[in-house]
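Data first, discussion second: the structure below is written as structure tokens.
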Amino acid sequence: MIRKVKNWLGIESVDVELTVAESINLKSGSVTGTYSIVTQSEQHIRSAEFKLVERYKRGRRKSKLIDEYVIGRTVINIDQTILPDEEIKEEFDVPFQISKSGMERFGDKNFVYKGLSKLAKLAKNASSEYYLIVELDVQGNRLKPYDKVELVKN
């Protein structure tokens with residue numbers, strides 16, 4: 001009974017760890033890396049979902065706004081039982097597509113507009129942060145094990 005409650009809450013369950021390059025090239029269109037899964041008790045892993053999230057911040061103090069956009073998503077079906085002292089280590093690739101704001105499209109027209117665009121972003125305190133998140137679907141667990149890595153853009 002206690003083991004069932006621990007599994008349901010994810011205590012002593014599956015641990016997942018992402019290994020990726022810390023910088024992201026926005027022109028490449030994909031993020032690659034490896035993930036490793038370990039456990040302290042026998043667990044059945046159904047799938048792993050990878051999401052690349054852009055966190056867009058703008059404004060200052062009380063007028064600060066933050067939006068999050070999922071710009072890339074991949075699901076890998078694992079469907080494997082993992083035993084204690086066993087490790088699953090696989091590679092992954094998450095394709096993504098960046099959508100540019102109106103200000104960025106304006107700045108892409110020529111080098112003069114690019115400077116004006118940067119000045120407008122500075123005035124509005126606009127910036128983007130990127131995160132890669134992996135969530136595992138484990139049979140019998142209510143709470144999904146996950147790992148989150150912050151990426152720096154080149």
Side-chain angles (χ1 to χ4, degrees), residues 7-10 13-40 42-59 64-83 85-154:
N7 282 339
W8 190 70
L9 292 174
S13 180
V14 177
D15 291 326
V16 62
E17 184 178 345
L18 286 172
T19 307
V20 294
E22 290 184 9
S23 63
I24 180 174
N25 185 357
L26 297 178
K27 294 179 182 177
S28 70
S30 70
V31 176
T32 58
T34 60
Y35 66 95
S36 61
I37 302 171
V38 294
T39 184
Q40 295 179 0
E42 184 178 332
Q43 299 286 333
H44 183 77
I45 301 166
R46 294 180 183 143
S47 64
E49 179 181 17
F50 297 88
K51 291 188 280 190
L52 184 62
V53 177
E54 177 184 9
R55 186 171 188 201
Y56 180 65
K57 297 189 291 187
R58 64 217 179 272
K64 189 173 198 170
L65 297 172
I66 299 172
D67 291 323
E68 288 190 354
Y69 304 103
V70 177
I71 58 175
R73 176 177 286 157
T74 299
V75 177
I76 297 175
N77 292 322
I78 299 173
D79 201 30
Q80 183 176 348
T81 300
I82 184 170
L83 301 172
D85 301 326
E86 185 180 333
E87 180 180 16
I88 297 175
K89 195 166 196 168
E90 297 287 332
E91 294 183 358
F92 66 89
D93 181 37
V94 180
F96 64 88
Q97 186 172 5
I98 300 289
S99 60
K100 293 186 176 186
S101 67
M103 198 178 336
E104 290 171 330
R105 287 191 300 270
F106 176 75
D108 287 343
K109 290 183 180 180
N110 64 40
F111 74 94
V112 174
Y113 291 163
K114 188 170 193 96
L116 291 174
S117 173
K118 285 185 179 183
L119 186 63
K121 282 183 183 179
L122 185 64
K124 288 199 172 253
N125 198 27
S127 64
S128 291
E129 298 172 347
Y130 297 92
Y131 297 97
L132 182 64
I133 302 169
V134 60
E135 287 184 342
L136 296 179
D137 184 13
V138 180
Q139 183 175 350
N141 282 22
R142 196 72 163 152
L143 303 175
K144 294 183 176 185
Y146 74 96
D147 191 19
K148 181 178 181 179
V149 177
E150 182 176 358
L151 303 172
V152 179
K153 65 180 176 178
N154 289 355

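Remember, predicted model here, so these are calculated numbers, not experimental data. Residue numbers count from 1 along this sequence.
How far CD of E42 is from CG of L83: 5.0 Å, rounded to the nearest 0.5 Å. Here the straight-line distance linking atom CG of D85 with atom CD of Q40 works out to 10.0 Å at 0.5 Å rounding. Note that OG of S128 is 8.0 Å distant from CD1 of I98, once rounded to the nearest 0.5 Å. Taken to the nearest 0.5 Å, the OH atom of Y56 stands 10.0 Å off from the OH atom of Y130. Once rounded to the nearest 0.5 Å, the distance linking CZ of F111 with CG of L116 reads 11.0 Å. Summarising the geometry, atom OG1 belonging to T34 is positioned 13.5 Å from atom CD1 belonging to I88; distances are rounded to the nearest 0.5 Å.
A pairwise comparison of heavy atoms in G72 and F96 identifies CA-CB, 4.0 Å as the closest pair. Taking both residues in full, the closest heavy atoms of G107 and S117 are given as CA-CB, 3.8 Å, listed atom of the first, atom of the second, then distance. Residues V38 and E87 share a closest heavy-atom pair of CG1-CG, 3.8 Å. Contact detail for N125 and G59: the closest heavy-atom pair is ND2-O, 3.4 Å. Nearest heavy atom pair, residue V20 against residue G33, reads CG1-CA, 4.0 Å. Taking all atoms of both residues into account, the shortest heavy-atom contact from E86 to Q80 is OE2-NE2, 4.1 Å.
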Let me see the working for I37 and E90 under side chain to side chain contact (heavy atoms under 4.5 Å, CB included), right down to the final yes or no. CA-CA 9 Å; I37 302 171; E90 297 287 332; over 6 Å; no

Before giving the answer on side chain to side chain contact (heavy atoms under 4.5 Å, CB included), spell out for D137 and E49 the whole-Å C-alpha distance, their side-chain angles and the decisive distance to 0.1 Å. CA-CA 8 Å; D137 184 13; E49 179 181 17; over 6 Å; no

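Using a 4.5 Å heavy-atom cutoff, the side chains of N141 and L143 are not in contact. Side chains of T39 and I45 form no contact here, defined as non-hydrogen atoms less than 4.5 Å apart. Residues H44 and R46 meet the side-chain proximity criterion, which asks for heavy atoms closer than 4.5 Å. F92 places none of its side-chain heavy atoms less than 4.5 Å from the side chain of T74. Taking 4.5 Å as the limit, every side-chain heavy atom of L132 sits out of range of all side-chain heavy atoms of I24. Inter-residue side-chain proximity for V16 and E135 is flagged as unmet; no heavy-atom pair is nearer than 4.5 Å. Here the side chains of L136 and V138 are in contact, with some heavy-atom distance below 4.5 Å. Considering only heavy atoms from C-beta on, Y35 comes within 4.5 Å of I76 through its side chain.
Counted within 6.0 Å of CD on Q97, heavy atoms from surrounding residues, nucleotides or ligands total 12 or fewer; the atom is thus considered open. Residue Y131 places its OH atom among more than 12 non-hydrogen atoms of other residues, nucleotides or ligands, all under 6.0 Å distant.
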